Amino acid sequence: MERNQMHRQVSVMRQSLFDQGYLDEQFIQLEELQDDANPNFVEEVVTLYYRDSSRLILSIDQALERNPLDFNKLDTYMHQFKGSSTSIGAKKVKAECTQFREYCKAGNGEGCMRTFQQVKKEYTILKRKLEAYFQQARQVGPSETACRPRN
Amino acid sequence: MNPSIGKGSMSTASSSVAWKAADVVPEQFPAGLRVLVVDDDPTCLVILEKMLRTCLYEVTKCNRAEIALSLLRENKNGFDIVISDVHMPDMDGFKLLERIGLEMDLPVIMMSADDGKNVVMKGVTHGACDYLIKPVRIEALRNIWQHVVRKRKNEWKDVEQSGSVEDGDRQQKPSEDVDYSSSANEGNWKSSKKRKDEEEDAEERDDTSTLKKPRVVWSVELHQQFVAAVNQLGIDKAVPKKILELMNVPGLTRENVASHLQKYRLYLRRLSGVSQHQNGLNNSFMSPQEAPFGPMSSLGGLDLQTLGVSCQLPAQSLATLQAAGLGRSTTKSGIQMPLVDQRNIFSFENPKLRFGEGQQQHLSNSKPINLLHGIPTTMEPKQLATLHQSAQSLGSLNMQVNAHGGQSSSLLMQMAQPQSRGQILNESTGSHVPRHPSSIGQPIMSNGIAGGVIGRNGISDNGRGTGYNQVPPTSSMLSFPMNHTTELTVNSFPLGSTPGISSVASKGSFHEEVSSEMKGSTGFLASYDIFNDLHQHKTQDWELQNVGLHFDASQNANPIQGNLEVSPSVLVHQGYSSSQRNGQNRNASPLGRGMFSGLDGTEQRNTQNAGQHLNNNLLIDNSVRVKAERIPDASSQTTLFPEHFGQEDLMSALLKQQQGGIEPAETEFDFDGYSMDNIPV
């Protein structure tokens, strides 16, 4: 019962992440790759993503402090960051990245800086949400997670 | 594990051989497919790895291109397919693509979050067999095995076509080949099998390995070994079996040697009896348009090699040329690549052509543009004219190259006109390319034209202004298509390249591709690398491209100039690689073309750089050179085409040109002198 409740809770959490647009289809792809051999695959990948992308964020931050701005470099960094974010299904983060790149192409430094703040914000929000989600999911148990309904 | 997996595979191989012959995929396939994934993004890498594992593929992941290359080099047959990201910090994905194509001839899939048309097109032109948009879904990965099968299939077909002599053998004992491959791969297989711990897997791998006929890339060194063996035995007594023994190269099959020998013989014949045998040779080589390029390509490739090598050997006449052109090439590749500054070739028009990212640059740029000078632009004026025409169509690439490519242009021109196109190419390459042109004439023509056209176009664009560019290179080039692949390798390329070429001419970008291709070819012997690029981009045109490229290279005297030299090798490579890449092109293997192009390229290259060179080079390469002024009389070389071109004045003009006296206006375009218009476009 409690189990069921927890299980349901996890489901709801997960579903809301999709409904609110934080995650997209790609996340489901990751989930589908998870199996008995790799029961925590999704969490591992997300952890890897956050670890790797943090240095990219740092690089971008530093680059944004330069004067004048090197838009090519910024764009390159962002391209990488966007690629990673896309691969885990971070929908909102990806959208902000796209916006950032638009500003880069336009040479709009102000726009870049503003947008990057948004990027970081979404990035952090998602991180917290996913951490909470994984924690819950782990509590429910691997078997449960394996049976998580797929949307 | 079955310790004698290797052997076991052998026996299995026989069944797999049979399978191979029947082109049937073993049941476990595609499971166990050995994939190498290259991506600097660790997140993506992990995800891809998992996806591929889920598809039951055997995955090796790698986050740096250099590491990937060394992995591939260490295990020549350890992988079936490569998936690579486009944007990587240490090496551009396309560059890696080229390298893999040149060196290993494996199918490569590119992927990127970037789905812009240009990028995807770049993938196509560089020879990627597929392009995936990130985020990659597992469904997209499930079917990548098709590229492996397709490539092998084409390779197989190619081999069959090219190894006409060995055909019987081949068919009779595919197992022999398989065995060779098996033995060659045994190490890999065994180790991989051990990993798998399943005989089944091992077998399957074995099957896939055997199925995949390892393409033999006749590198300069290999070719030199071959030539040494042949010389030791005596050209008359040299039989594949003995040559193979003497060479003592593991993994090389008698069949490979046999087909290479065939090309070599043709090449030699061309050298000696260029004029007379032209037709004859042409016929043999070129055989009708239908003639699969494959044979040609193989020849082409060989020729290039041979040429490259032979050039070195005999080349008294070529010596000059060689010295000039080779100087560069040798430096680069050590092969006598005639000026093939592949880059130049491609870049003939614009620096953009640069296909090989400057690979060629070093080749051509530094070297004397007038490589062609020395080269006997045997191309007779007429020939040159023809080349012109072809060149024109091509886009006056050649013209530009005029400086060096005098011959090449002529070749190219010729190409357009099926006659001695090949010769022209040869001519330009004079030193390098065995001037088989005579025989090749026909075949080459098509190619040559293509090449020439391209060259022309390229050249014209450069500003030579010959205006040939207008000539619809494509048309001329297309006509020739690949059939001729025979000697002029160049020819063949142009054909393929035509599509590219034409575009090249007008679109510098295209040239790049063409050039890249050409580059490979032009480099003759040397630069297979250059090919990488080349192949890639046009699968079918690959062959054409090569041809075209060669022309261009020579013609274009691309600033890079290095290209040409490369072509020969490149060509060969291309021939092969393309097949792999495209899986289809192989037949056309512009190898032959490559050779020519290489020569041309070198020649051309010079021209490009220096207007003056134009005279010399242009004459050689481009038919355009017809101007005769340029045609550097590479004495030996020029004679190659004499028959075809029949433009005495052209020839003389070309010969005279040698030094840069090129009448800039005329020579540049090369076409000017000769009725480019005549080029049957």
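Chain naming here is simple, since letters A, B, ... match the order of the sequence lines and numbering starts at 1 in each. The figures that follow rest on heavy atoms only: side chains count, while hydrogens, waters and symmetry mates do not. The shown structure was predicted, so the numbers you read here are calculated from the model rather than taken from an experiment.
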All inter-chain donor-acceptor pairs under 3.5 Å (chain A, chain B):
| from | atom 1 | to | atom 2 | distance (Å) |
| --- | --- | --- | --- | --- |
| A:Glu25 | OE1 | B:Arg137 | NH1 | 2.5 |
| A:Gln29 | OE1 | B:Ile138 | N | 3.1 |
| A:Leu33 | O | B:Lys50 | NZ | 3.1 |
| A:Asp35 | OD2 | B:Lys50 | NZ | 3.3 |
| A:Ser84 | N | B:Asp41 | OD2 | 3.3 |
| A:Ser84 | OG | B:Asp41 | OD1 | 3.0 |
| A:Ser84 | OG | B:Asp41 | OD2 | 2.4 |

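Of the residues considered (B:Ala113, B:Cys44, B:Pro42), B:Pro42 shows the highest number of contacts with chain A, using heavy-atom pairs under 4.5 Å.
Looking at A:Leu30, only its side chain comes within 4.5 Å of chain B, counting heavy atoms on both sides.
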